[in-house]
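Worksheet: the structure to be examined is printed underneath.
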Amino acid sequence: MSKSLIILLGPTGVGKTDLSEEIAKYYHTEIISCDSRQIYKEMKIGTAVPDHEVLATIPHHFIQSHSIHDYYNASKFEQEVLQKLDQLYSKYDVILMTGGSMLYIDALCKGIDDLPNVDTNIRNSLVKRFENEGIEPLKELLSQLDPVYFQDVDLKNHKRILHALEICLMTSQPYSSFRTNPSKVRNFNIIKIGINCERELLYDRINRRVDLMFAEGLEKEALGLFPFKKLNALNTVGYRELFDYFENRITLTEAKEKIKSNSRKYARKQLTWFRHDPDITWFKPGMKEEIIFYIGQELQK
RNA sequence: GGUGCCAUAGCUCAGUCGGUAGAGCAACGGACUGAAAAUCCGUGUGUCCCUGGUUCAAUUCCAGGUGGCACCA
């Protein structure tokens, strides 16, 4: 029997969680979350983690499973999920994945280059150098260590340059030599289902969800995480705006508006990415029956 | 009813001593392979309230109209 992975994806706030619960119940299966922030156990309200009841009824994986203090990335996600799938496929033929982290979805579906894990010391020293001297000397260094990638990279994007340098320095080989664009083949079928609705409705849902987060105590949660604000995991919509408020840079009202605005921007960015993925079949949030029918057809193939 | 002020982008408003216009916010598009809810790049979307007048040329000046605000009755 062949194994299948249903991936339910879409912009933040569109209603993936509710749908995934119903689909998981229909197939009597478990859910793998594909969300680069819900994965952290310390961040709950601001990342809109599903309720207790849902989590208690349907087994979820990669939700609240890691710590903000751990280094995490798309490659680790790929490896860990593949391992988990292997385990779960001994019990199920169909597994549901749901979430909106575009790079994580692609890492799992298509794979990602094999690179050594980033050495924290090297990263920190490069970041420090960037903060002190700016981007120019780093560009210069990259042009020497990896002229090929230097031609390719967005020279205004310091993160890309820093990462390439990390790899060059760690391996003594050009970063570009690792960029093989693998397109790994998986031993399970992938069915990608996109959920989207009218823009106005989506924004309305996002805005209301932010209000709800505040009602549930987002401010208090963020205050508790304030000491760790430098961690990458906390460079996240819903938290960093409140950190600005705690540091008296903006008012609470401004922070709330910023969170709404940045969530809307994030949703747009997700849609830009998904729009160019030809493997996605799109549905509206209410189309549960149609989605299940479509999945049924795909599973027959 | 009278007088004054205002009418420009989705919103708040600049501006053009007459040559068809620009900021902030909002909105929209794009890139993306170990920090990705990150990071980076890009776009002005307009009957300048309406009708007439003056003028080579009116969003700008003039008159009237309409709408809004303020004050006086």
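The structure displayed is predicted, hence computed values, not measured ones.
No side-chain donor from either of A/Q79 and A/Q83 sits under 3.5 Å from a side-chain acceptor of the other. For the residue pair A/R209 / A/T12, a side-chain donor-acceptor distance below 3.5 Å is found, with atom types taken as modelled. Between A/E80 and A/H66, the side chains place a donor N or O and an acceptor N or O closer than 3.5 Å (distance only, hydrogens not considered).
Residue A/N232 places none of its side-chain N or O atoms closer than 4.0 Å to OP1 or OP2 of B/rG34. When the side-chain nitrogen and oxygen atoms of A/R199 are compared with OP1 and OP2 of B/rG29, one or more of them lie within a distance under 4.0 Å. Contact annotation: A/T272 side-chain N/O to B/rG30 OP1/OP2 distance is under 4.0 Å. Under 4.0 angstrom from either OP1 or OP2 of B/rA36 there lies at least one side-chain N or O belonging to A/Y104.
Of all nucleotides listed (B/rC28, B/rA26, B/rU33), B/rA26 comes nearest to the side chain of A/R264. The side chain of A/R123 sits closest to B/rA35 out of B/rA27, B/rA35, B/rA31. Of the candidates B/rG30, B/rA36, B/rU33, the closest approach to any side-chain atom of A/R179 belongs to B/rU33. Side-chain proximity of A/H163 to B/rG34, B/rU39, B/rC32: nearest is B/rG34. Picking from B/rG34, B/rC28, B/rC40 the nucleotide with the shortest atom distance to the side chain of A/Y203 gives B/rC28. Of the listed nucleotides (B/rC32, B/rG34, B/rG29), B/rC32 has the atom at the smallest distance from the side chain of A/R160.
Between A/Y239 and A/F243, the angle of the ring planes lies from 30° to 60°, which puts this pair in the tilted group. Relative orientation of the A/H158 and A/F130 rings is parallel, given thresholds of 30° and 60° on the angle between their planes.
Rounded to a whole Å, the CE atom of A/M102 is 14 Å from the C1' atom of B/rA35. One atom, CG of A/L271, and another, P of B/rC28, lie 10 Å apart when rounded to the nearest Å. In this entry the distance linking CZ of A/R275 with C1' of B/rG30 reads 9 Å, nearest Å. In this structure, A/R240 places its CZ atom 12 Å from C1' of B/rA35, rounding to the nearest Å. One interatomic measurement links the two molecules: NE2 of A/H276 to C1' of B/rG30, which rounds to 7 Å at whole-angstrom precision. Residue A/E166 contributes atom CD, which lies 9 Å from atom P of B/rG34 at whole-angstrom precision. Counting to the nearest Å, the P atom of B/rA31 and the CG atom of A/D277 are 12 Å from each other. Note: CG (A/L162) to P (B/rC40) measures 11 Å, nearest angstrom.
Closest-nucleotide positions on RNA chain B for A/R209 and A/S75 were compared, and the one nearer the 5' end corresponds to A/S75. Nearer the 5' end of RNA chain B, as judged by each residue's closest nucleotide, is the contact made by A/S261, out of A/Y266 and A/S261.
Comparing the C1' positions of B/rA7 and B/rA14 gives an interatomic distance of 15 Å, to the nearest angstrom. To the nearest whole angstrom, the two P atoms, one in B/rU60 and one in B/rC6, are 14 Å apart. Across the C1' atoms, B/rG24 and B/rC62 are found 34 Å apart, a figure rounded to whole Å. The C1' atoms of B/rA23 and B/rU47 are separated by 22 Å, rounded to the nearest whole Å. Going from the C1' atom of B/rC13 to that of B/rA21 covers 14 Å, rounded to whole Å. Taking atom C1' on both nucleotides, B/rU51 is separated from B/rU45 by 28 Å, rounded to a whole Å.
Once rounded to the nearest 0.5 Å, the distance linking CG of A/L162 with CG of A/L126 reads 6.0 Å.
B/rA9 is unpaired under the Watson-Crick or G-U wobble criterion, no partner having all donor-acceptor distances under 3.5 Å.
Within 4.0 Å (heavy atoms only), A/D114 reaches at least one base atom of the nucleic acid.
Base orientation of B/rG65: anti (glycosidic angle beyond 90° from 0).
Here the options are A/R264, A/K260, A/K256, A/E257, the test is side chain to side chain donor-acceptor pair (under 3.5 Å), and the partner is A/N207; only A/R264 passes.
Interface remark: the A/D106 side chain does not form any donor-acceptor pair with the B/rU33 base, using a distance-only criterion of under 3.5 Å.
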